[in-house]
2 protein chains.
Amino acid sequence: MPLNRSFKPNNLVQTIERASSILDLLGQSPQGVSIRELSAKIKLPKGTIHRLLSSLSYFGYVRQDSKTRNYLLGFKLVELGNLLLNQLDLRKEAEPFLKDLAERTKETVHMVVLDRNEVVYIDKVETDQHTSGLKMASRIGLRNPAHSSAVGKTLLAHFSDEELKNFIEEKGLAKRAENTITDSAQLRDHLKNVRAQGYAVDDEENEKGIRCVAAPIYNEGGKPVAAISISGPAFRITKKMIQESIKKEVMETALKISQRLGFRERK
Amino acid sequence: MPLNRSFKPNNLVQTIERASSILDLLGQSPQGVSIRELSAKIKLPKGTIHRLLSSLSYFGYVRQDSKTRNYLLGFKLVELGNLLLNQLDLRKEAEPFLKDLAERTKETVHMVVLDRNEVVYIDKVETDQHTSGLKMASRIGLRNPAHSSAVGKTLLAHFSDEELKNFIEEKGLAKRAENTITDSAQLRDHLKNVRAQGYAVDDEENEKGIRCVAAPIYNEGGKPVAAISISGPAFRITKKMIQESIKKEVMETALKISQRLGFRERK
DNA sequence: AACAGTATTTCGTAATGCGGAACATCCAAT
DNA sequence: ATTGGATGTTCCGCATTACGAAATACTGTT
């Protein structure tokens with residue numbers, strides 16, 4: 001048994017499960033949620049919800065709008081989340097290279113790690129150029145399926161056959177956009193190419209109109225631990241551009257970061 | 001450590017209290033913590049700690065290093081923390097103004113809100129100029145005492161006498177650096193000035209060698225809901241510079257943001 | 001002023017989480 | 001390889017903890 005990441009639906013502490021549902025709901029509601037609503041959505045009596053909220057609130061995970069009395073996510077989460085990000089020295093080391101890459105390509109640069117077989121954004125650098133483009137909200141913290149993103153694919157490409165099989169069984173290959181690869185045989189082939197090439201392209205597979213180019217970052221043990229990418233509108237990130245310059249830029253930057261982490265290229 | 005504020009020391013759900021202690025400890029340990037250590041520090045049997053960690057891990061609040069088996073903060077915290085930040089439309093509206101301010105002054109710009117009578121950093125913009133200066137770690141999510149920071153003081157300046165009294169009683173006026181104002185009468189006087197002037201200066205009161213200039217942001221109801229500041233080394237942020245340009249820049253930017261939020265200046 | 005919708009508190013009950021101890025696993029040293 | 005020590009993980013009977021229905025206290029509205 002390859003010690004799969006925390007899958008154990010029994011033994012769960014009820015309180016933590018309930019607290020987690022509450023936080024999830026609050027995460028979806030910028031304007032906050034009332035106890036009554038929470039009570040309705042998680043089917044639990046108001047009193048119970050209230051007790052949990054009191055404790056969560058005392059420790060800062062939740063806060064209450066003094067006007068509406070609605071409950072909202074608390075700043076303790078920002079604190080802990082950013083502590084985590086700052087603990088990743090990977091991120092610290094990569095930062096200057098990411099800025100440089102963004103500067104040179106004038107496109108948005110992302111950095112991700114794989115967590116529980118999903119892609120999690122841990123950094124983002126954009127140039128002043130296209131910053132005010134569309135979505136200003138930072139993607140940091142966001143989770144995406146691995147099979148439909150360039151970053152995810154560069155990481156999946158290093159999975160063993162069995163790991164990949166598990167991944168597909170566990171997560172499935174949901175169709176996120178028109179070009180998403182949803183066939184497992186096709187994905188296997190595709191990943192073989194990705195691995196050989198050393199980079200991956202997301203050709204509107206995750207979001208219509210968006211193309212990305214990604215390359216993996218290796219630690220000193222040669223293990224892929226993260227990935228970086230350049231993303232932008234398909235009309236700017238053309239296939240020609242990718243071949244002529246972008247793929248080279250991304251791969252070179254990824255290699256520099258890997259080397260910074262102690263990786264030595266082997267022949 | 002005892003973050004007393006939202007009153008209710010009883011009624012606390014034990015599990016949440018314990019889970020919170022665990023997360024706090026993990027937050028202090030970039031390399032992770034073993035069950036044994038946790039068990040020792042939080043004086044609870046290994047079995048108990050393990051059970052809590054399993055649940056926390058299942059929901060993503062904690063992750064386990066597959067090599068060392070140590071436990072670390074989980075990416076769910078990054079996810080929720082950033083959801084919260086992106087929910088603050090205050091932040092969204094302010095962003096372009098902050099960038100502009102950073103660009104024009106070539107110094108680091110911060111934005112904070114008051115949470116439980118402490119300052120919490122919710123945004124930071126730095127120019128490429130001094131970015132590689134010293135501390136690269138983002139301050140986002142960080143908490144600071146209100147009485148020793150420029151941002152904090154501009155917000156305290158709008159407290160009623162009673163609110164201020166409560167604040168001082170609850171939090172005290174800890175000496176953070178040589179110039180920290182630790183006398184409550186003196187603080188009262190100082191805040192009166194801050195309010196009259198419309199801006200506050202942190203003259204190495206929080207950290208040796210660092211000066212900051214801050215101004216408050218008002219919502220449409222005229223209530224101060226946040227503050228912004230410019231910070232930098234004392235040799236660059238001279239008192240002369242503050243008077244000649246910086247205070248004006250900060251105040252003007254703060255006003256623009258306030259207006260963006262619907263604030264109308266009243267005479 | 002009365003009402004309606006909510007948030008909060010109470011309190012007797014049993015289910016939940018507790019934690020000591022057994023078991024498994026990993027790693028280092030022989 | 002084998003052993004031993006240390007740590008992580010699981011088990012299970014017990015009592016404490018959290019439960020949740022209902023009563024009470026708000027808060028704003030007509």
Side-chain angles (χ1 to χ4, degrees), chain A residues 1-23 25-26 29 31-59 61-74 116 221 223, chain B residues 5-23 25-26 29 31-74 221 223:
Chain A
M1 202 49 114
L3 180 49
N4 218 338
R5 315 273 185 270
S6 44
F7 276 80
K8 291 279 161 58
N10 34 3
N11 284 26
L12 287 186
V13 177
Q14 193 180 57
T15 300
I16 293 181
E17 183 169 13
R18 291 173 170 187
S20 182
S21 321
I22 290 178
L23 294 180
L25 280 176
L26 299 188
S29 311
Q31 74 290 32
V33 189
S34 69
I35 288 191
R36 192 188 49 79
E37 280 177 277
L38 285 170
S39 165
K41 293 208 179 165
I42 316 170
K43 309 241 166 70
L44 286 174
K46 290 184 298 174
T48 301
I49 297 285
H50 182 264
R51 181 161 22 82
L52 292 171
L53 286 173
S54 302
S55 292
L56 287 172
S57 158
Y58 179 72
F59 294 107
Y61 296 94
V62 149
R63 68 194 205 279
Q64 192 173 17
D65 187 311
S66 50
K67 267 262 180 50
T68 67
R69 317 225 108 193
N70 277 356
Y71 286 87
L72 304 144
L73 292 179
R116 300 151 157 260
K223 222 190 122 209
Chain B
R5 168 56 206 161
S6 253
F7 346 70
K8 289 265 164 62
N10 34 3
N11 281 32
L12 288 187
V13 177
Q14 194 180 57
T15 299
I16 293 182
E17 184 169 10
R18 292 174 169 186
S20 182
S21 320
I22 291 179
L23 295 180
L25 280 176
L26 299 188
S29 312
Q31 75 289 33
V33 189
S34 69
I35 288 194
R36 192 189 48 80
E37 279 178 276
L38 285 170
S39 165
K41 294 209 181 166
I42 319 177
K43 310 240 165 77
L44 284 175
K46 290 185 300 173
T48 303
I49 298 286
H50 183 265
R51 179 160 22 81
L52 292 170
L53 285 172
S54 304
S55 292
L56 286 172
S57 158
Y58 180 73
F59 295 106
Y61 295 93
V62 150
R63 69 194 204 281
Q64 191 173 18
D65 186 313
S66 50
K67 267 261 179 52
T68 67
R69 317 221 109 191
N70 277 357
Y71 287 87
L72 303 145
L73 292 180
K223 219 189 123 209

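Chain naming here is simple, since letters A, B, ... match the order of the sequence lines and numbering starts at 1 in each.
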Exercise. Phosphate oxygens OP1/OP2 of dG17(C): is one of them under 4.0 Å from a side-chain N or O of Thr15(A)?
Worked result: yes

Exercise. Taking NZ from Lys43(B) and P from dG20(C), how many angstroms apart are they, rounded to a whole number?
Worked result: 14 Å

Exercise. Rounded to the nearest 0.5 Å, what separation is found between the OG atom of Ser55(A) and the CG atom of Leu12(B)?
Worked result: 4.5 Å

Problem set entry | Leu44(B) versus Ser39(B), closest heavy-atom pair with distance | O-OG, 2.7 Å

Exercise. How far does CZ of Arg63(A) sit from CG of Leu56(A), to the nearest 0.5 angstrom?
Worked result: 14.0 Å

For this session: Could you check which of dC18(C), dT8(C), dG19(C) has an atom nearest any side-chain atom of Arg69(A)?
Result: dT8(C)

Exercise. Just how far, in rounded Å, is P of dC26(D) from NE2 of His50(A)?
Worked result: 12 Å

Exercise. Does OP1 or OP2 of dT16(D) have a side-chain N or O of Gln14(B) closer than 4.0 Å?
Worked result: no

Exercise. Over how many whole Å does the gap from Glu37(B) atom CD to dA6(D) atom C1' extend?
Worked result: 13 Å

Exercise. Between dT9(D) atom P and Leu12(A) atom CG, what is the distance in whole Å?
Worked result: 15 Å

Exercise. Any side-chain N or O of Ser34(A) under 4.0 Å from OP1/OP2 of dT6(C)?
Worked result: no

Exercise. What's the NZ-P distance between Lys67(A) and dC26(D), to the nearest Å?
Worked result: 21 Å

Problem set entry | Nearest-Å distance for atom pair CD1/C1', residues Ile49(B) and dT10(D) | 16 Å

Exercise. Phosphate oxygens OP1/OP2 of dT7(D): is one of them under 4.0 Å from a side-chain N or O of Tyr71(B)?
Worked result: no

Seminar exercise, completed: Ile16(B) atom CD1 is separated from dT16(C) atom P, nearest whole Å, by 16 Å

Exercise. Counting side-chain heavy atoms from CB outward, which of dG20(D), dT8(C), dT16(C) is closest to Thr48(A)?
Worked result: dG20(D)

For this session: Would you confirm whether Gln64(B), through its side chain, and Tyr71(B), through its main-chain N or O, come within 3.5 Å as a donor-acceptor pair?
Result: no

Seminar exercise, completed: Closest to the side chain of Leu52(B), out of dC18(C), dG8(D), dG20(D), is dC18(C)

Exercise. If you find the nucleotide of DNA chain C closest to Arg36(A) and the one closest to Arg18(A), which residue's nucleotide is nearer the 5' end?
Worked result: Arg36(A)

For this session: Quickly work out the Lys46(B) NZ to dT10(D) C1' distance and round it to whole Å.
Result: 11 Å

Seminar exercise, completed: Heavy-atom nearest nucleotide on DNA chain D taken for Gly47(A) and for Gly47(B); more 5' hit belongs to Gly47(B)

Exercise. Of the non-hydrogen atoms in Tyr61(B) and Leu23(B), which two are nearest, and what is the gap between them?
Worked result: O-CD2, 3.7 Å

